[in-house]
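Worksheet: one structure, shown below.
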Amino acid sequence: MTNPWMIMVVGTMTVFIALFVMILFLLGFPKLFAILKRKEHESLAPLPQIVEVTKRTAPSASQIASAPSSSLQDESLIAVLTAAVAAASGSSAGSFAITNVQQAQPEVGGGFNTPVWGRIERLSRK
Amino acid sequence: MTNPWMIMVVGTMTVFIALFVMILFLLGFPKLFAILKRKEHESLAPLPQIVEVTKRTAPSASQIASAPSSSLQDESLIAVLTAAVAAASGSSAGSFAITNVQQAQPEVGGGFNTPVWGRIERLSRK
Amino acid sequence: MTNPWMIMVVGTMTVFIALFVMILFLLGFPKLFAILKRKEHESLAPLPQIVEVTKRTAPSASQIASAPSSSLQDESLIAVLTAAVAAASGSSAGSFAITNVQQAQPEVGGGFNTPVWGRIERLSRK
Amino acid sequence: MEQFLSQFIGTTGFIAMTWGQLLMLVVSCVLLYLGIARGFEPLLLVPIAFGMLLANLPMSGITDPPKDNLVGGLIYYLYQGVKLGIYPPLIFLGIGAMTDFAPLIANPWSLLLGAAAQLGIFIPFIAAYYLGFDLKSCGSIGIIGGADGPTAIFVTSRLKPELLGPIAIAAYSYMALVPLIQPPIMKALTTKKERLVRMAQLREVSKAERIIFPIFVTLLIGLLLPAAVPLVGSLMLGNLFRETGVTERLSDTAQHALINTLTIFLGVSVGSTASAERFLNPQTLEIIALGLFAFSCGTAGGVIFGKIMYWVTGGKVNPLIGSAGVSAVPVAARVSQVVGSKEDPTNFLLMHAMGPNVAGVIGSAVAAGVLLSVLN
Amino acid sequence: MEQFLSQFIGTTGFIAMTWGQLLMLVVSCVLLYLGIARGFEPLLLVPIAFGMLLANLPMSGITDPPKDNLVGGLIYYLYQGVKLGIYPPLIFLGIGAMTDFAPLIANPWSLLLGAAAQLGIFIPFIAAYYLGFDLKSCGSIGIIGGADGPTAIFVTSRLKPELLGPIAIAAYSYMALVPLIQPPIMKALTTKKERLVRMAQLREVSKAERIIFPIFVTLLIGLLLPAAVPLVGSLMLGNLFRETGVTERLSDTAQHALINTLTIFLGVSVGSTASAERFLNPQTLEIIALGLFAFSCGTAGGVIFGKIMYWVTGGKVNPLIGSAGVSAVPVAARVSQVVGSKEDPTNFLLMHAMGPNVAGVIGSAVAAGVLLSVLN
Amino acid sequence: MEQFLSQFIGTTGFIAMTWGQLLMLVVSCVLLYLGIARGFEPLLLVPIAFGMLLANLPMSGITDPPKDNLVGGLIYYLYQGVKLGIYPPLIFLGIGAMTDFAPLIANPWSLLLGAAAQLGIFIPFIAAYYLGFDLKSCGSIGIIGGADGPTAIFVTSRLKPELLGPIAIAAYSYMALVPLIQPPIMKALTTKKERLVRMAQLREVSKAERIIFPIFVTLLIGLLLPAAVPLVGSLMLGNLFRETGVTERLSDTAQHALINTLTIFLGVSVGSTASAERFLNPQTLEIIALGLFAFSCGTAGGVIFGKIMYWVTGGKVNPLIGSAGVSAVPVAARVSQVVGSKEDPTNFLLMHAMGPNVAGVIGSAVAAGVLLSVLN
Ligand code: NA
Ligand code: NA
Ligand code: NA
């Protein structure tokens, strides 16, 4: 592109388009987060018990602060990585990834007592 | 220079000359700054009023702290840059630069109300 | 080495050997430091007087904090460097280094009043 | 002895100095004066002016590249971070860690003001073209109107490094002069009634929104305009460090040790490009004039779009906040506040002006991306 | 105009994006979520995930090497510090300045637990070999079991830079998952009686011992295993700065400005290696699985050796502190404390677990030295 | 297995170690002891000694340059900042930000003492020449007498990098030994009456003077002696950051994060040049002896010139402040105070000695410029 007027038009338009798309998303933010907040409240329900366990070890409680407070979704990392890679390397793409994440969730159960790696290993052995 | 004695003499002399010139200037510092201080007092006279204006916007006064407190010399930057460049690129050198700076000053006037860029643009159109 | 089992054995053994040697030394630490502590107490004996001298210059005492508090071993740096270099460059190695350090100590005497460089220069003139 | 003295004087810089260098030394002292005594963006202007001073001391070799088996000068090595485009994005990382985008998230429409103010980039771009500059120079000159130091330096270092000196000096000087440049334009373009508009209080912004925002902006801008990624991505990574609540260490270093160190290096290097032979030519004069024109266009663009929003919303938007869209954070937002409070001392526009103000940073980065992808 | 629009869309990243890149963007967002909302090693995972995001935005050129007379992308230059092995040792310098080796000096035998946990490196090394990886990849995969980010990155950058992405992500993710991975293994391998053992209080460690320790370790490891010098030497120099009492300035900068800056650079660079074409292949899946296996082996190795020490000492050592030998400082030591306190809430194992915990860092560095000297 | 063991031992450093390396390890431990336990300039001596230790561990490769497709060692890369002359000026930037030149501005005549003490550079220069050193080595040896670490390292890295190790160690060691070296010389050269002189209180220095001073010195020295610009310019830029009152951020980073980081890098790199083959030769012995001679000459030069000023002013100048002209800030000024207060505990010379003390820094930088321009 060597026509300066063309560049000006493209440039101004791009700036407006980019920032306008941003506006559209940002306008949706309040609603999106209202939904997320509700969901969060639900998923946070089982937490208190585990927190209590940690609290009982009173004297070094502050030092143990970084221990995870909820194990319900802690496997999601492995699940997602696994799913992503499986999706890309296998023949069936895209959709598989998302399905698999959903599939993984119910399997989790007890958190602390169900070793995550069992499932992962099974997947890798395949 | 490969004669070590020569290097020694040159070196010692250079150190003494350099630091002696520095002494001469530093001895003039107190007088120089006495003059500058007097000038500063004069040029600072019209300031209080503007400060008051800023103060009236009370609640965010602290945030606006960086607003310029005096507009009398604020154009000096542009004036000097302009002058410097004009001096170097035009056929008449040195003296023009300094003359022009002097010339610019009286034109300033109202500060806030006289757009600086008017003059600059005139210069560049020439 | 391209046999993975060999690498595993070597690796595991190296880790254990390295850390085991470390254990042996660390087990000796408490005894070693008990001895060092006793020695330190002895060598620190003549200190108080010098500290007193410094204290008398009361107003800037805090600023002079970095002045060396004991001069008894302050020459050791030069002695050791000298010895080390002499040992390596001269024909008689190893033992000379250590002997010389020992030799240097008694010469020291008054600290502040015996210029270190006298001895060093004598060495370098040789 | 006589021979020696003449030889000695020959090794001093006095003899080798050109009139141009002397003039540049004077200019750098004036810049130092403006930075220190008048508070013109001192954090940048002091290093820039000092770099200029050092580079114009004859025969110091401080900007020389390595030659044969001689190493280069200090500033030659510092300058590599400018040349390779490393400093500006990393400075943006620190700026991101210092920026609060909440006013923008609360009022997304202020992004339009940040977009409109980019006319301050594209109109001078055209103007420079008709003054005879080549397209790359036009892009570098236009970007002054972005009123964003790192963006201007990043774009210029990639399009036309020869112009770094005048463009950086113009950009930072006019950013400092924003309180002088903008008010007359703002007053000329608005009616008293418009300037008196009071705006509704902004809604609160949740922590989650603040965290999602930088990620989302990076994705959006990154996909729309890949060339803007180094600037926008760094800005947003810094902002993410600020907002997560678990990366305070990184945010703290980004907005102190890292940005300060790189500001020194960037300032001195950029200043050093203003050597007499490069700086003292008629182009510099035109660039300085065009830079002022750019700031004026940006201000006008923002204010005019502010008027449009005033009409569209039936008088809910005060057009004075439009001028803040030029970025020059946070000075331009303060100017909106000051001009507004002159009409009505109880009208607080500052927070409303911060939205367009930070939007202007994003807008300029997008415009920079366009210029880089089109002209490079 | 039509032509222009199609041309414009062609310059955006939307068209150029592959399914792989889209997937990687999703993965990086998930990693950001885990780092920020779930607190998974956020100081590393946030920069890594953001680097991944930036690298997978199509056509941004941010990871491109210089070409002809075009400069390279920002992350290309940042990555040089990884490629040349500069960041990891300097990060170790900061870690050394943050580490208190006193619990190890007070109880030297805990070094054996740090040694035993290195089975987490060598068993997966063998496993990877039989899964068909070449030896250098095996070494890089095994080192995940060291549970030490900088060590893993240093070794991988020298043996198999192509694997940096998955290996760094696996290492840091599993370090964050240690509180999930270790407890079941610890419980399965120990009896209730063992878990109830109370250990004798540790002796006090004098300042002189703390100062001699890093010098002595450098000498010893440096002579035994020269290839471990960059890691061990840097770690110990940092620790020396911490302990001398006269180099506080250096210790302070090492554990703040320096380590934070390099953590940002390292994280973003390492993340950027996880481009779609490199990351999305079956090997990554195997590496992630092997990484988990590695952490489990390390935990088991430490606990089993803890049991041996329990038997040898006639029940004076609680085998639960063995699992802390994997390093992952200080999370693994906290896990020992938590698991122990579940049996007896008044039993404080934390300080006893810190010994094996920091021993694990040294142990992994030694193992890294072996792998580097044997495989390079 | 036997074969394996012998092979294993072969990969350790024990076998490869030479007697020279063993000796150097001992020397580095002694330096560590002096730095840590005796407080000999620990901020520099600890990194230098540790760098020495690391470089003398056999086969670690930590100082190796890159070869074929193998990357170089950590210290090889850190050393580039010394080789290219980058660290010393940037360290001077931090020193400038830490230095208060007010005592010098208040009493400009103390500059003469700072000039006279540079005899400590030029007399040993001649001495070294007659001991058979080549001119470049003579310059590097003489600069030890400047009693200024960064200056000594900068000059040596440009004139004779092979000598970096012994020269840096000598410079920093003698700077720590100043309280031992100077007093006997000071007493020998002065009478009791001279040592009892009380000096008039210094005038106050205005903020404007403090700001103008660094700019003016840069211009003056820069024009007189271009080769001194990297050192003097950086020192003065740092001082300008300190004094402006509007660049505190930059001053703060220059005197903390930046200088500390570079001190670590500089120290370790410089120490690493002291490998056994380079360090252990008769030259090193001579350099160490000449270094002590240099400090003594500098002290004597300053004191003798102080006596001249005593005579000229009719007894208003205490010659004891002359010894502070060697720089070694602020130790040498403290020595003047201590020696003076031994005669009269109520006589406070410290502030008067700070003038020559900081003048000595400028003087050495000028002398360095002369040596660099004449010998390079
Ligand atoms: Na802008
Ligand atoms: Na480990
Ligand atoms: Na000096």
Side-chain angles (χ1 to χ4, degrees), chain D residues 80-81 83-90 92-93 97 154 157-158 161 207-208 211-212 214-216 218-234 236-238 240-241 243-254 256-258 260-262 369-370 372-374 376, chain E residues 7-9 11-17 21-22 25-26 28-29 32-33 35-47 49-51 53-63 66 70-78 80 253 255-265 267-268:
Chain D
Q80 300 310 303
K83 191 178 157 197
L84 303 177
I86 295 171
Y87 298 154
L90 292 181
F92 250 36
L93 188 83
F154 188 73
S157 73
R158 304 228 154 177
K207 196 188 161 197
I211 294 173
I212 299 279
I215 302 170
F216 151 72
T218 308
L219 282 171
L220 178 69
I221 302 292
L223 289 174
L224 262 178
L225 201 67
V229 166
L231 290 174
V232 174
S234 302
M236 293 302 153
L237 177 57
L240 187 62
F241 288 154
E243 302 294 358
T244 64
V246 288
T247 48
E248 258 169 68
R249 282 180 73 100
L250 305 182
S251 168
D252 179 63
T253 293
H256 293 105
L258 185 58
N260 293 345
T261 303
L262 296 184
V370 174
L372 286 172
S373 72
V374 166
N376 227 349
Chain E
Q7 209 183 337
F8 170 76
I9 291 169
T11 67
T12 69
F14 287 114
I15 296 299
M17 189 156 69
Q21 286 173 320
L22 181 61
L25 291 179
V26 172
S28 65
C29 287
L32 282 173
Y33 169 76
I36 296 167
R38 315 307 310 266
F40 280 24
E41 296 277 322
L43 293 175
L44 256 300
L45 219 51
V46 171
F50 209 89
L53 190 153
L54 293 178
N56 285 289
L57 289 172
M59 309 197 311
S60 78
I62 202 168
T63 58
L70 242 73
V71 301
L74 173 66
I75 299 184
Y76 168 79
Y77 293 111
L78 296 184
Q80 298 311 304
T253 293
Q255 54 184 297
H256 293 105
L258 185 57
I259 197 175
N260 293 346
T261 302
L262 296 184
T263 297
I264 297 173
F265 293 177
V268 172

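The chains referred to below are lettered A, B, ... by the order of the sequence lines, with proteins before strands, and numbering in each begins at 1.
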Which region of E:Tyr76, side chain (C-beta onward) or backbone (N, CA, C, O), has a non-hydrogen atom less than 4.5 Å from a non-hydrogen atom of chain D, or is it both or neither? neither

Which atoms of D:Leu219 approach chain E - backbone, side chain, both or neither, heavy atom under 4.5 Å: both

Exercise: identify the closest heavy-atom pair between E:Met59 and D:Pro226: O-CB, 3.3 Å

Under a 4.5 Å heavy-atom cutoff, which of E:Leu25, E:Ile36, E:Val268, E:Leu32 has the most pairs with chain D? E:Ile36

Rounded to the nearest 0.5 Å, the CG atom of D:Leu231 sits from the CG atom of D:Leu93 at a distance of 12.0 Å

Residues two or more places apart in sequence or in another chain: which of them pass side-chain hydrogen bond (donor to acceptor under 3.5 Å, both in side chains) with E:Thr261? none

Shortest non-hydrogen contact from E:Pro58 toward E:Gln21: CB-OE1, 3.7 Å

Please flag which part of E:Leu258 lies under 4.5 Å from any non-hydrogen atom of chain D: side chain, backbone, both or neither. neither

Which of the residues E:Leu70, E:Leu74, E:Thr263 is involved in the greatest number of heavy-atom pairs with chain D at under 4.5 angstrom? E:Leu74

Chain D contacts, top residue of E:Ser60, E:Ala37, E:Ala257, E:Pro47 (heavy-atom pairs, under 4.5 Å): E:Ser60

Non-hydrogen atoms of chain D under 4.5 Å away: do they reach the side chain of E:Leu43, the backbone, both or neither? both

Count the heavy-atom pairs under 4.5 Å between each of D:Gly233, D:Ser157, D:Ala254, D:Ala227 and chain E, then report the option with the highest count. D:Gly233

What's the separation between atom OG1 in D:Thr253 and atom CZ in D:Phe241, rounded to the nearest 0.5 Å? 10.0 Å

With sequence neighbours left out, write down each residue that passes salt bridge (charged side-chain N to carboxylate O under 4.0 Å, His left out) with D:Glu243, or none if nothing qualifies. D:Arg210

Counting only non-hydrogen atoms closer than 4.5 Å, does D:Ser234 touch chain E with its backbone (N, CA, C, O), its side chain (CB onward), both, or neither? side chain

If you round to the nearest 0.5 Å, how far is CD1 of E:Ile62 from CG of E:Leu54? 5.0 Å

